[in-house]
Amino acid sequence: MVCDLQRLNSDYVPNDMVQVIEKLNEKVSIKEVIKFYGKENESILEEYLSYLVEKDYGFYCVESDFNMFPELDRTYQTPGSITNIIIELKKENIFWLKHLVPQIEKLGCKDIAFIFYEELTEEHFNNIFQYFEDTRIKSFEITSKYHIGITHELLKRINRNLNQLTRLTLYGSPEEKIEPWDNEILFDRVFIKKEITSFKYCGAVNMKYFNTNLPKVLEAMKHNSCLYKKISIDEEGNIKNCPSMSQSFGNITNTTLQEALDHPDFKKYWNITKDQIAVCKDCEFRYICTDCRAYLENPEDQYSKPLKCGYDPYTNQWEEWSTNPLKQKAIEYYGMQDLVKKDA
């Protein structure tokens, strides 16, 4: 694939074209490229070049201009010790935020995702918001259960109370729809019919989740595209890499986030890239796809392909991952039988 990091999209291209692009990146002339591939391939090369010019992926210039186009700097750096945190919360535990938010800020974390497996009233939303006044938290998302009290007027009041909210996802909704932010409500509203009862719903690989932008692509090239600089807290207060993972690095009742982060095993997944993972390393989507180390095809191999991926890069075919006979053992291992039946 060609990832256009300025226009934020990706395009399929033939593997042969990738080789031509790599040859052109050696800063050689068109004549030298034709000579390298042979006169018999000149018409194909001209087609490739026309495509690149048409898509604005390249343009013709004189040789003296070559040095004006340096290689892309692939360094990926973020200032905080942690960039994002996932927090599973119960309504009765919202008060946890009183001592968690200062710790989150201290780690330099700017983005938070809250998961509730129950309905939230306006009072609950306000209880959450009070802990974020005058903080440096840039944004957070909330996922909770839909109920008839979620009206347009309520969403407008929520919007007035907190400008850091960027997305509200409501599951168990009577209809599937997305309402992008507008002049009245400055956060996206996502309504989904699916019921969510645990974090086992996460980890699905789907084209709708692909993300072509410079920070995410550079992160995927150098680090794990899901777990790098991530920390999580499950419903019971256990501190983990991800709520779906079994290993805990302490509980918020007796361990600080910094202490958990300092544990020698906490960062063991941070630098597992798609270039190291079975099958993913041969996939054209690997730098725009989010990885999952919580649910694997082979639970005993940390470099195994994500369980919830139904794409085969060798045939370019997608299939329903949950019906693949080769995945049934892993589905049973993770106790996903009922979850798969509900999605079927």
Side-chain angles (χ1 to χ4, degrees), residues 1-5 9-22 74 76 86 199-230 232 240-247 265 267-337 339-341 343-344:
M1 301 201 79
V2 170
C3 296
D4 188 335
L5 302 177
N9 58 45
S10 298
D11 281 327
Y12 289 102
V13 295
N15 288 342
D16 289 345
M17 184 185 287
V18 175
Q19 295 175 17
V20 172
I21 292 172
E22 290 175 345
R74 299 189 178 188
Y76 179 77
I86 297 173
F199 210 73
K200 288 182 180 179
Y201 80 92
C202 195
V205 175
N206 191 301
M207 290 185 75
K208 67 183 179 181
Y209 302 135
F210 290 171
N211 198 344
T212 303
N213 66 62
L214 183 59
K216 292 307 296 181
V217 168
L218 292 181
E219 181 182 40
M221 287 180 170
K222 300 292 184 179
H223 308 287
N224 188 268
S225 55
C226 179
L227 298 178
Y228 181 63
K229 290 197 173 185
K230 171 178 272 154
S232 302
K240 302 179 176 181
N241 292 119
C242 164
S244 291
M245 290 180 150
S246 58
Q247 185 174 7
D265 286 342
K267 300 176 183 178
K268 66 181 178 181
Y269 298 106
W270 279 20
N271 296 316
I272 296 179
T273 70
K274 288 288 195 179
D275 288 323
Q276 299 170 287
I277 296 169
V279 182
C280 294
K281 61 186 178 182
D282 297 321
C283 180
E284 64 268 37
F285 301 122
R286 64 190 180 277
Y287 298 138
I288 61 174
C289 177
T290 298
D291 187 45
C292 178
R293 296 295 88 200
Y295 303 119
L296 309 175
E297 280 193 349
N298 179 1
E300 297 180 358
D301 180 5
Q302 67 177 2
Y303 296 100
S304 178
K305 177 185 176 182
L307 173 63
K308 297 184 182 182
C309 179
Y311 182 66
D312 184 345
Y314 309 113
T315 62
N316 303 115
Q317 298 295 316
W318 287 88
E319 66 175 16
E320 173 52 47
W321 68 270
S322 62
T323 58
N324 187 327
L326 300 177
K327 294 178 182 276
Q328 298 311 305
K329 188 175 180 180
I331 288 173
E332 183 177 350
Y333 175 87
Y334 291 116
M336 289 185 174
Q337 300 95 320
L339 182 70
V340 168
K341 287 178 184 176
D343 290 342

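Computation of the quantities below employed the complete heavy-atom set of this structure, encompassing side-chain atoms and omitting hydrogens, waters and symmetry-equivalent molecules.
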Nearest 0.5 Å, please: how far is [atom2] in [Y] from [atom1] in [X]?
X      : Y      : atom1 : atom2 : value
Lys305 : Glu297 : NZ    : CD    : 5.0 Å
Met336 : Ile331 : CE    : CD1   : 8.0 Å
Ser225 : Arg286 : OG    : CZ    : 12.0 Å
Leu218 : His223 : CG    : NE2   : 9.5 Å
Asn224 : Thr290 : CG    : OG1   : 9.5 Å

Measuring only between side-chain heavy atoms, which start at C-beta, is Ser244 closer than 4.5 Å to Tyr334?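 They are not in side-chain contact.
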Distance-only donor-acceptor check, side chains Asn324 and Glu319, under 3.5 Å: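 Indeed, the side chains of Asn324 and Glu319 share at least one donor-acceptor pair under 3.5 Å.
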Indicate whether any N or O donor in one side chain lies under 3.5 Å from an N or O acceptor in the other, for Glu300 and Tyr333.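 Judged by distance alone, the side chains do not pair up.
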How are the rings of Tyr228 and Trp270 set relative to one another: parallel (under 30°), tilted (30 to 60°) or perpendicular (over 60°)?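 Correct class here is perpendicular.
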What class does the angle between the rings of Trp318 and Phe285 fall in, given that below 30° is parallel, 30 to 60° is tilted and above 60° is perpendicular?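 Tilted.
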Salt-bridged, Glu332 to Lys329, with N to O below 4.0 Å?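 Not counted as a salt bridge, because no side-chain N and carboxylate O are separated by less than 4.0 Å.
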Within a radius of less than 6.0 Å around CG of Asn15, do more than 12 heavy atoms belonging to other residues, nucleotides or ligands occur?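 No, CG of Asn15 has 12 or fewer neighbouring heavy atoms, counting only those of other groups under 6.0 Å.
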